[in-house]
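Note that the coordinates shown come from a computational prediction; the quantities given were computed from them, not determined experimentally.
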2 protein chains.
Amino acid sequence: MKETSVQTIVANLELAIHEHRLAPGSKLSEDEVGEIFGVSRTVVRAALQRLSHTHLVELKRNIGAFVAQPSIREAREVFEARALLEPRTARSAAERITPADLALLRSHLDQEEEAMAQQSTGRALHLSGRFHIEIARIADQNTIAEFIAQLVARSSLVIALYWQRRGALCDRHGHEALLRALARQDGALAEELMKQHLLDLMTSLDLRNRASAPTSLREALLP
Amino acid sequence: MKETSVQTIVANLELAIHEHRLAPGSKLSEDEVGEIFGVSRTVVRAALQRLSHTHLVELKRNIGAFVAQPSIREAREVFEARALLEPRTARSAAERITPADLALLRSHLDQEEEAMAQQSTGRALHLSGRFHIEIARIADQNTIAEFIAQLVARSSLVIALYWQRRGALCDRHGHEALLRALARQDGALAEELMKQHLLDLMTSLDLRNRASAPTSLREALLP
DNA sequence: TGATCCATCATTGTATACAATATTGGGCCG
DNA sequence: CGGCCCAATATTGTATACAATGATGGATCA
């Protein structure tokens, strides 16, 4: 059983986008990706199609695949959707969380802090997103978790384009507070904290003009 | 410019599933679908992949594609996700609705009633779903609208599997009341009505055991 | 000199061929 | 007679070949 080929490519590209090694707008040539992973264009196309479903990649017919560049409007929509889904999900998570879940979240936060200390902002951002996805998983809602995972991924692109004060990752305090609320199984508080956390995130963006330029594909994937 | 090939197949299969001409569990053979639409397996596979991403089709590796059969758990999750997204979206829609939007919704409801009168329950169900999607579009939230569209589609499968009293489509009254609230731009009422409508829908399902058996592909697509 | 047009090239879209895997049916053995 | 195993068949997974479309660059003409 190896669904691996497509899955591997999807996972690699996803991670590269998540960690901002592949900038929005970068072209993903089928031949080039295929050569890098040692597969034919057939499987590359399948992978790119899957990424386009989650709006991480934009497919332009007869032109090619590019890392998506969410518009300002789309950026707002993504965060509005998160505001609808995540607070209530955090509440559910607080009501169901187990010690094992708590330990996992704790570990995530520690890794996040470590990455920050090493200035690996890409990795820190990725872990920060995983934190949100983990909460959805704890809430035991696969369907909603899938939506949140997609929104988190798209948020990563939004951050790449519209993040202004890169120095101060205000995330950490929000996540720490959330973890405490979850540990106390305080659903109402978790819901409120998540709501506020998302608002903080959105207001830390500058939704007026974009930054960042495309990257070389090989450079991003073959370090 | 013809993205048509894949798009056409996706749309046709989607509609057939929506209208319950293709029952959950039906096998979608690549050769057979390709022959019906006069394209190669390449494009059929692309279409099936897209449908699998929205959970309308389940792809089993080395075995094939089947119309999805949502589990009871998944059925609950779908409606819980809708409960999170749709009421607030209905409120937004009420606040932004235009006369043209109202006319469109009115027309949808009329068509729905007509289909019901003709005993075309499949078509009635499809139109009933479209009503929800239209509301999301009116709310001017493409991202959320896409999620809702997916959930509505999956709901159609859930209904095919778990609907009990097929005779009484209680939908209509709910939709009529919603339309009145929207016409009055009463956001709070629209939100409450949508919430109740979704609860009604869910409680009209029997989430204990499934019904319905797979259908012949040709029979469903070539009427 | 600059812009436009056309030919060439590169890249994607689709079909087909081959490989790998699962299903099926018949024969064999107990 | 029933269960099991293996071969034949059908279906999916992947690679490659060909077709169609967009990008590129140089030559020509104003």
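Taking B:His126 as the reference, B:His18 meet the ring-ring contact (aromatic ring centres under 6.0 Å, His included) condition, with sequence neighbours excluded. Residues forming a salt bridge (Lys or Arg N to Asp or Glu O under 4.0 Å) with A:Arg45 (at least two apart in sequence, or on another chain): A:Glu30. Legend: residues meeting side-chain contact (heavy atoms from CB on, under 4.5 Å) with A:Ala145, ordered by chain and number and at least two apart, are A:Ala136. For B:Asp110, the salt bridge (Lys or Arg N to Asp or Glu O under 4.0 Å) partners at least two apart in sequence or on another chain are B:Arg106. Applying the side-chain contact (heavy atoms from CB on, under 4.5 Å) criterion to A:Ala65, with sequence neighbours excluded, gives A:Leu28, A:Leu48, A:Val57, A:Leu59.
Residues in residues 42-85 of chain A take part in these ring-ring contact (aromatic ring centres under 6.0 Å, His included) pairs, two or more places apart or across chains: A:His53-B:His53. The stretch residues 10-20 of chain A participates, sequence neighbours left out, in these salt bridge (Lys or Arg N to Asp or Glu O under 4.0 Å) pairs: A:Glu19-A:Arg21.
Residue A:Leu48 contributes atom CG, which lies 11 Å from atom C1' of C:dT12 at whole-angstrom precision. Summarising the geometry, the separation between CD on B:Glu30 and C1' on D:dG13 is reported as 9 Å, rounded to the nearest angstrom. When rounded to the nearest whole Å, the span between CZ of A:Arg45 and P of D:dG13 equals 17 Å. Separating the CD1 atom of A:Ile9 from the P atom of D:dG13 is a distance of 15 Å, rounded to the nearest angstrom. As rounded to whole Å, 12 Å separates atom P of D:dG13 from atom CG of B:Asp31. In this structure, B:Phe37 places its CZ atom 15 Å from P of C:dT14, rounding to the nearest Å. For the pair A:Leu59 CG and C:dT12 P, the interatomic distance rounds to 10 Å; values are reported in whole Å.
Taking only side-chain nitrogens and oxygens, B:Ser5 comes nearer than 4.0 Å to OP1 or OP2 of C:dT14. Applying the 4.0 Å criterion to OP1 and OP2 of D:dT21, one finds that A:Lys60 has every side-chain N and O outside that range.
We find that A:Asp101 and A:Arg96 are not joined by a salt bridge, their nearest charged nitrogen and carboxylate oxygen being 4.0 Å or further apart.
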Pairs under 3.5 Å (N/O, protein and nucleotides 15-19 of chain D):
from   : atom 1 : to      : atom 2 : distance (Å)
D:dA15 : OP2    : A:Ser40 : N      : 2.9
D:dA15 : OP2    : A:Ser40 : OG     : 2.9
D:dA15 : N7     : A:Thr42 : OG1    : 2.7

Check: protein-nucleotides 20-23 of chain C nitrogen or oxygen pairs below 3.5 Å:
none

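Residues B:Ile148 and B:Gln141 fail the side-chain proximity criterion, which asks for heavy atoms closer than 4.5 Å.
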